Novice: 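So that we are looking at the same thing, I have put the structure below in structure tokens.
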Amino acid sequence: MELKRVVVTGLGALTPLGNNVADYWNGLANGVSGAAPITRFDASKFKTQFACEVKGYDPENYFDRKEARKMDLFSQFAMVVADEAVQDANLVEGNFDPDRVGVIWGSGIGGLRTFQEECVNFANGDGTPRFNPFFIPKMIADISAGHISIKYGFRGPNFVTVSACASATNAIIDTFNYIRLGMADVVVTGGSEAAVTEAGIGGFNALKALSERNDSPETASRPFDKDRDGFVLGEGAGALILEEYEHAKARGAKIYAEVIGGGMSADAYHITAPHPEGMGALNVMKNVLRDANIKPEEVDYINVHGTSTPLGDISEVKAIQTVFGDHAYKLNISSTKSMTGHLLGAAGAIEAIAAIMAIKNSLVPPTINHFTDDESFDAGLNFTFNKAQEREVKVALSNTFGFGGHNTSVLFRQFID
Amino acid sequence: MSEIAEKVKAIIIDKLGVEESEVTPEASFTNDLGADSLDTVELIMEFEKEFNVSIPDDQAENIATVGQAISYLEEHAK
């Protein structure tokens with residue numbers, strides 16, 4: 001059977017840099033850091049006391065109080081960005097078949113705050129179980145896709161992918177596959193995460209995964225810098241409307257870009273450490289290029305996973321050099337996590353948006369916070385340090401890798417009819 | 001109105017996000033105040049917590065209106 005073409009027709013974002021796509025892109029283009037001291041709880045006893053939180057978010061701007069109370073923050077974030085994307089795509093009653101519109105969302109953890117609060121309440125009680133009836137439906141990671149479908153009546157394929165920091169990219173790839181196989185016309189995809197809680201920061205601190213640069217939060221996320229010391233936890237969400245091309249054309253939708261490939265692989269090596277030679281990263285990039293049937297030389301920009309951890313950054317760059325050979329020197333490479341922090345299960349969504357906006361605006365967002373070169377990296381590579389670079393981006397690759405050794409890559413191309 | 005009735009109404013207004021004027025004794029949680037089955041369970045739990053009582057499931061089933069909640073709690077609250 002002939003595979004259908006899949007295009008991007010709507011975007012939504014709620015990020016540490018801005019609470020909609022325009023503000024998010026503005027932050028990325030200008031190299032703004034989203035990091036600041038933690039406000040969501042008292043972090044004074046924690047090794048890491050800062051994060052990239054969403055700012056100025058008031059649930060009452062989006063939900064009535066009763067509705068908000070039944071949703072963990074990660075679901076609220078999902079609803080907010082889905083709404084922006086649905087409106088952006090101009091999906092209105094009558095221009096789609098609700099049975100052919102799906103929601104495939106990504107979340108690495110789910111309702112961590114809800115889980116933590118309910119367990120603490122129980123532990124502080126006398127042993128009588130007084131769990132809130134909304135505990136489970138608030139906490140489970142898949143509920144975000146359920147909420148979105150209920151609000152809009154989208155009755156097509158509906159589920160959530162869970163692959164840690166690769167979750168949203170897995171959601172995008174699944175979406176791409178379902179649409180190109182003809183199993184849906186339109187899918188709301190993306191991801192959301194809200195893990196800036198005691199359990200989230202404490203848990204990642206215990207893994208020694210987080211930067212502890214408390215005296216300078218805004219410079220803490222510094223991928224590829226010699227003095228990088230871990231990632232900065234972020235929160236937020238990104239949504240993309242992916243649509244079958246003929247369907248988009250028939251309803252006169254605007255098209256941001258085309259999705260041309262999805263790649264997946266596993267390290268099969270260690271639960272949290274990346275493969276030292278970047279084996280999984282190497283395979284996933286080979287897989288995505290093969291899936292899209294393009295040559296490495298056609299790629300202009302790679303939005304890397306690049307979390308700012310000592311080992312992860314090295315293995316990913318090794319893999320890029322192996323896959324792209326001499327063309328690696330002609331690529332723009334950047335880690336927008338230097339600005340947004342690491343949104344875990346939502347990272348793949350907001351980074352896909354960064355890649356798509358780079359194509360649309362012919363501008364590669366930077367890797368900020370570069371102070372000192374690390375001799376582990378080939379000096380001939382262009383990491384787009386500190387300042388955005390103008391460049392026509394015809395093809396952009398977005399990498400995301402998750403604990404467990406899950407690797408995902410997705411390719412977007414400038415749309416040409 | 002009794003102190004218990006005041007508290008019951010406050011809980012209902014808070015949990016169901018309804019206006020005080022809607023919370024009449026005859027008002028049914030599900031038919032009039034927009035509660036679904038989970039909201040109703042949550043309301044019962046809040047009553048148990050606030051009034052330090054344990055409401056058995058078979059009795060909770062009979063608490064469907066504001067008035068029924070108030071009279072049950074006036075009778076059983078400690």
Side-chain angles (χ1 to χ4, degrees), chain A residues 57-76 78-80 83 110-111 113-153 155 158 160, chain B residues 4 6-24 26-66 68-70 72-73 75-78:
Chain A
Y57 172 77
D58 180 357
E60 298 203 8
N61 291 340
Y62 304 97
F63 308 98
D64 70 41
R65 210 169 44 81
K66 181 187 167 200
E67 201 183 2
R69 217 170 42 75
K70 294 180 186 179
M71 280 188 269
D72 187 272
L73 203 53
F74 91 101
S75 285
Q76 294 183 20
M79 294 287 275
V80 170
D83 198 57
R113 158 95 37 216
T114 299
F115 187 81
Q116 181 188 304
E117 281 174 356
E118 288 287 326
C119 293
V120 166
N121 282 346
F122 178 69
N124 288 342
D126 63 1
T128 309
R130 291 189 186 283
F131 290 93
N132 190 289
F134 296 104
F135 166 33
I136 301 295
K138 271 175 83 172
M139 175 270 289
I140 49 180
D142 59 285
I143 205 72
S144 42
H147 280 299
I148 295 168
S149 71
I150 293 163
K151 175 165 180 189
Y152 300 98
R155 298 190 296 257
N158 190 287
V160 163
Chain B
I4 286 176
E6 289 288 356
K7 279 186 183 167
V8 167
K9 284 181 79 168
I11 288 170
I12 293 167
I13 290 164
D14 178 49
K15 294 296 172 194
L16 302 184
V18 290
E19 296 298 324
E20 190 172 356
S21 58
E22 299 173 74
V23 189
T24 59
E26 302 77 33
S28 148
F29 300 137
T30 50
N31 297 332
D32 302 314
L33 301 178
D36 63 18
S37 57
L38 295 179
D39 291 318
T40 316
V41 175
E42 191 185 29
L43 272 183
I44 298 293
M45 288 182 51
E46 283 300 314
F47 295 149
E48 289 183 327
K49 199 162 83 182
E50 178 67 34
F51 300 104
N52 193 26
V53 293
S54 178
I55 307 175
D57 286 352
D58 58 338
Q59 293 183 38
E61 281 167 20
N62 299 324
I63 303 176
T65 67
V66 177
Q68 286 165 352
I70 292 170
Y72 182 90
L73 291 162
E75 200 176 318
H76 294 88
K78 288 161 194 166

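A, B, ... follow the sequence lines: proteins, then strands. Residue 1 opens every chain. Values in this document were obtained by computation on a predicted structure and should not be read as measured data.
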Novice: Would the number of heavy atoms belonging to other residues, nucleotides or ligands and lying under 6.0 Å from NZ of A:Lys151 be above 12?
Specialist: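 Buried by this count: over 12 neighbours within 6.0 Å.
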Novice: Which heavy atom in A:Lys70 sits nearest to a heavy atom in B:Asp36, and how many Å separate them?
Specialist: NZ-OD2, 4.2 Å
Novice: How long is the gap from CG on B:Leu16 to CZ on A:Arg65, to the nearest 0.5 Å?
Specialist: 10.0 Å
Novice: Atom CD of B:Glu48 and atom OG1 of A:Thr128: how far apart are they, to the nearest 0.5 Å?
Specialist: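 It is 9.5 Å, given to the nearest 0.5 Å.
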Novice: Under 4.5 Å, counting heavy-atom pairs only, tell me which of B:Val41, B:Val18, B:Asp14 racks up the most with chain A.
Specialist: B:Asp14
Novice: So for B:Leu43, is it side chain, backbone, both, or neither that comes closer than 4.5 Å to the heavy atoms of chain A?
Specialist: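 Answer is neither: B:Leu43 stays 4.5 Å or more from chain A.
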Novice: Which heavy atom in B:Leu38 sits nearest to a heavy atom in A:Pro133, and how many Å separate them?
Specialist: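 Closest heavy-atom pair between B:Leu38 and A:Pro133: O-CG, 3.5 Å.
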Novice: Under a 4.5 Å heavy-atom cut-off, does chain B meet the side chain of A:Phe131, its backbone, both or neither?
Specialist: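 The backbone, not the side chain.
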Novice: What do you reckon, is CZ of A:Phe115 surrounded by more than 12 foreign heavy atoms closer than 6.0 Å?
Specialist: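 It does not: A:Phe115 CZ has 12 such atoms or fewer within range.
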Novice: Does the pair B:Glu42/A:Arg69 count as a salt bridge with the N-to-O cut at 4.0 Å?
Specialist: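 Yes.
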Novice: Inspect the surroundings of CG in B:Asp57 and state if more than 12 heavy atoms from other residues, nucleotides or ligands are less than 6.0 Å away.
Specialist: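 No.
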Novice: Which answer fits A:Asp64, side chain, backbone, both or neither, if we ask what part of it has an atom under 4.5 Å from a heavy atom of chain B?
Specialist: neither
